[in-house]
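Notes to accompany the following structure.
Chain letters run A, B, ... following the sequence lines, proteins first and then strands; every chain starts at 1.
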Amino acid sequence: MAYNRKDLLGIRELSVEEITTILDTAESFKEISTRSIKKVPTLRGKTVINFFFEPSTRTRTSFEIAAKRLSADSINISASTSSVTKGETLIDTARNLEAMAPDAIVIRHSSPGVPHQLAAMIDAAIINAGDGAHEHPTQALLDAFTIRERKGRISGLQVAIIGDIMHSRVARSNVHLLTKLGAHVRVAGPRTLLPPDYEKLIEDSEGSLTVSPRVDDAIAGADVVMMLRIQRERMSEAFFPSLKEYSIQYGLTMKRLDLAASDAIVMHPGPVNRGVEISSEVVDGASSLILDQVTNGVAVRMAILFLLVGSEAQ
Amino acid sequence: MKILIKGGRIVDPSQEMDKVSDLLIEDGRIAQIGNDLKADGAEIFVASGLIVTAGFIDLHTHLREPGEEYKETVASGAAAAVAGGFTSICAMPNTKPINDNASVTRYIVDKAREAALAEVLPIGAITRGSEGAELAEMAEMKEAGAVAVSDDGRPVMNSQVMRHAMEYARDHNLVVVDHCQDLHLSSGGAINEGRYSTLLGLKGMSRAAEESHIARDIMLAEITGARVHIAHISTAGAVELVRRAKQAGLSVTCEVTPHHLALTDAAVVGFDTNTKMNPPLRSEEDRAALIEAARDGVIDAIATDHAPHHADEKMLEYDRAPFGIIGLETALGVALKALFHEVQVPLSRIIEMLTIGPARAFSLERGTLAEGSVANVVVFDPDREWTVDPTRFKSKSRNTPFAGWRLHGAVAATFVAGREVFRSQ
């Protein structure tokens with residue numbers, strides 16, 4: 001078992017063994033965050049740059065804490081995507097980053113493929129922290145970690161992913177990961193937010209994928225209900241009439257959650273719009289693992305940094 | 001001044017000719033085709049084992065002069081053209097400033113005369129500034145040398161304006177060339193809408209955005225009687241629309257690019273921005289339909305949509321990078337690969353789409369080796385293998401998805417009006 005890639009760009013290209021390696025490694029790192037001194041020297045002298053072209057609090061902080069708990073030096077750079085219009089091209093960005101001799105670059109960008117383009121130009125390990133609507137591999141890994149921790153398995157589970165499927169990199173990465181590990185994923189949301197050929201996203205995997213506009217059908221009997229954030233600006237783009245109508249038709253309420261399995265868990269990648277895609281009762285209810293996801297995010301990101309940057313120390 | 005091209009296989013679909021013979025050029029015109037022609041005083045080009053055809057005509061070239069000479073000039077584009085076997089290229093009007101008046105048209109014609117390589121035939125804008133509102137001065141541009149009108153890349157969305165443009169163009173015997181795309185339906189799109197846009201999280205451009213606009217143009221062609229040429233068709237549905245328009249007897253023609261014959265949207269995986277063009281690479285089913293349409297005659301012309309961009313501009317995020325790739329120097333090899341070597345479309349049919357097909361679409365007195373016609377001639381080897389190396393292009397730009405491809409089919413020599421303008425090393 002090993003993870004021999006230079007980068008973590010997406011889930012689609014990973015094997016089941018690679019995914020399992022990351023999840024198992026994360027398990028061994030989780031305990032560190034429960035100690036009174038939450039720090040190990042594993043990545044001392046390594047430099048991790050968090051390069052975020054999109055606003056993010058949760059993911060950036062999670063990566064920063066993960067790096068610090070491994071004793072790596074982490075630096076945050078926030079950039080506006082408009083740097084391109086100021087004349088800095090992707091190649092300049094890459095060369096500037098390379099000149100700082102980092103060991104890993106965690107990158108978030110609104111354009112799909114930017115981590116892949118940079119990975120081809122840069123020696124440092126590139127970690128995709130979200131590229132447009134393409135992939136968000138660390139989120140899917142922490143989601144899988146959370147499910148596995150609670151349910152003891154992923155194979156055979158019925159997982160409903162509900163909401164703005166079209167614009168969601170979280171949904172795409174989760175579909176790849178969960179089906180690879182044998183889950184049966186049902187994706188649902190308004191038809192305007194279901195991209196074409198979504199059911200063809202996966203190739204020969206253990207699990208299965210179904211796509212439907214009927215939220216109740218997707219939730220019925222589900223072991224896991226994962227809700228996606230709805231962006232307010234989607235209204236002005238005529239994807240749905242109003243947030244009120246959205247919450248009634250597609251939101252997760254206690255009543256709707258009753259359709260799921262009696263021991264179903266509720267997840268959300270955050271940040272949550274209370275009362276829109278998910279009611280406050282559900283967010284704060286006993287089924288909700290939303291804060292566990294955040295906790296596990298640190299352990300999973302520690303594992304990824306360790307596997308990518310700490311390999312020569314092994 | 002005489003040139004005798006000896007012993008080549010002369011393929012001229014305009015005369016349904018396909019035979020091994022000699023071809024004599026005299027004073028810039030085709031003097032004679034026959035066996036064992038006398039050489040007296042002629043320069044001799046031995047073409048044994050090679051194919052001799054009329055020079056290729058590209059109905060769809062973007063030169064960047066005036067305005068963006070760092071991407072391509074008229075001269076560098078014309079040099080790339082003759083290296084690829086093209087003796088006439090039609091220059092789209094989206095320069096800076098836009099070719100929407102006779103002075104810009106004349107400027108391009110003058111630059112082409114100075115370069116003295118391929119013939120450059122300007123296409124004027126349909127509307128002033130290609131803004132889709134007021135008609136450009138089509139008749140004056142025609143007098144200055146324009147051969148057609150188009151707002152390529154910025155399709156005229158106002159159907160009433162387009163109707164008037166067609167009526168007016170008809171009065172002046174100009175073909176209206178349209179890049180068909182409903183800009184609302186395709187808004188923000190970077191690649192074909194389908195499995196790959198979903199997989200990669202890139203915004204898609206649906207086939208319906210192209211096909212609905214083609215359907216509109218065909219309906220307008222019917223009520224105006226205008227000659228309409230549909231640029232770079234890319235979908236199976238587009239093929240059927242044009243097929244039906246032709247069956248209905250309308251003056252509708254169309255072209256296809258080599259890259260839409262050779263590639264699909266699967267090439268976008270990896271995010272190489274040299275796979276980004278408009279219309280986008282489509283699905284395998286679309287590609288198959290285009291190949292069949294090329295075989296059965298629905299498609300009139302192979303056109304490159306040669307669109308030079310500087311590497312700095314292409315090296316951007318995929319969704320921010322400009323659309324377009326260059327094609328003049330790879331067109332023959334890619335077209336032969338996709339149509340001849342892989343699926344055995346007859347060579348004469350492919351040559352037809354590079355010569356007399358485009359000539360007829362724009363009513364150009366070109367594309368033929370008939371005796372007395374202007375001696376635009378290309379000699380090529382359909383089997384010679386070569387590797388695409390963009391650093392060796394005559395074009396100023398390098399934006400091609402075919403870098404490193406092994407292609408069969410290379411130009412040996414190109415003649416414009418009887419003058420040798422290119423010979424391979």
Side-chain angles (χ1 to χ4, degrees), chain A residues 9-13 53-54 81-85 87-95 107 109-121 128 130-136 165-173 175-176 187 193-203 209 211 237-238, chain B residues 70 184-210 235 237 264-276 280-286 309-323 398-399 401 403-404:
Chain A
L9 301 177
I11 300 294
R12 186 169 84 94
E13 56 270 23
F53 284 89
E54 253 186 358
T81 40
S82 65
S83 67
V84 168
T85 53
E88 187 173 29
T89 66
L90 212 54
I91 222 166
D92 291 324
T93 305
R95 291 204 175 124
I107 183 154
H109 201 288
S110 59
S111 295
V114 167
H116 309 67
Q117 291 172 304
L118 288 181
M121 297 187 271
N128 182 359
D131 63 325
H134 181 216
E135 283 232 40
H136 192 350
I165 305 299
M166 177 176 283
H167 301 96
S168 179
R169 53 194 174 212
V170 175
R172 283 177 179 76
S173 286
V175 163
H176 290 308
V187 154
L193 292 170
L194 294 174
D197 294 335
Y198 202 82
E199 66 286 351
K200 294 186 196 158
L201 213 54
I202 60 167
E203 290 145 294
L209 174 63
V211 181
E237 296 162 30
Chain B
Y70 66 97
H184 298 298
L185 203 46
S186 63
S187 170
I191 69 170
N192 179 46
E193 180 181 293
R195 175 168 181 260
Y196 286 99
S197 63
T198 293
L199 188 68
L200 300 173
L202 288 163
K203 263 197 172 182
M205 292 192 263
S206 65
R207 294 168 185 77
E210 177 173 336
T235 74
T264 68
D265 54 358
V268 181
V269 174
F271 298 96
D272 176 0
T273 56
N274 286 325
T275 61
K276 182 176 177 182
L281 297 173
R282 302 284 189 185
S283 70
E284 186 56 39
E285 295 77 56
D286 293 306
H309 290 294
H310 195 275
D312 288 351
E313 294 164 319
K314 268 300 210 187
M315 184 56 77
L316 288 180
E317 297 88 337
Y318 198 95
D319 52 4
R320 286 166 177 260
F323 290 103
R398 305 278 176 263
N399 50 313

> So what's closer than 4.5 Å to chain A heavy atoms on B:T273: side chain, backbone, both or neither?
Replying inline: side chain

>> Between B:V269 and chain A, with a heavy-atom cut-off of 4.5 Å, which part of the residue counts as in contact: side chain, backbone, both or neither?
In response: side chain

> For A:H167, is it the side chain, the backbone, both or neither that has a heavy atom under 4.5 Å from a heavy atom of chain B?
Replying inline: neither

>> At a 4.5 Å cut-off on heavy atoms, which part of A:R169 comes close to chain B: side chain, backbone, both, or neither?
In response: neither

For [X] versus [Y], what's the shortest heavy-atom pair and its separation?
| X | Y | value |
| --- | --- | --- |
| A:Q117 | B:E317 | OE1-CA, 3.7 Å |
| B:R195 | A:K200 | NE-O, 2.7 Å |
| A:S110 | B:D319 | O-OD2, 4.2 Å |

>> What's the separation between atom CG in A:D131 and atom CZ in B:F271, rounded to the nearest 0.5 Å?
In response: 6.0 Å

> Do the non-hydrogen side-chain atoms of A:P112 and B:L200 ever get within less than 4.5 Å of each other?
Replying inline: no

> So, A:D197 versus B:T198: side-chain donor-acceptor pair below 3.5 Å or not?
Replying inline: no

> So which of B:G201, B:G270, B:S187 has the biggest tally of heavy-atom pairs under 4.5 Å with chain A?
Replying inline: B:G201

> Between B:L199 and A:H176, does a side chain to side chain contact (heavy atoms under 4.5 Å, CB included) hold up when you go through it step by step?
Replying inline: CA-CA 10 Å; B:L199 188 68; A:H176 290 308; 3.9 Å; yes

>> Can you confirm if the aromatic rings of B:Y318 and A:H134 lie within a centre distance of less than 6.0 Å?
In response: no

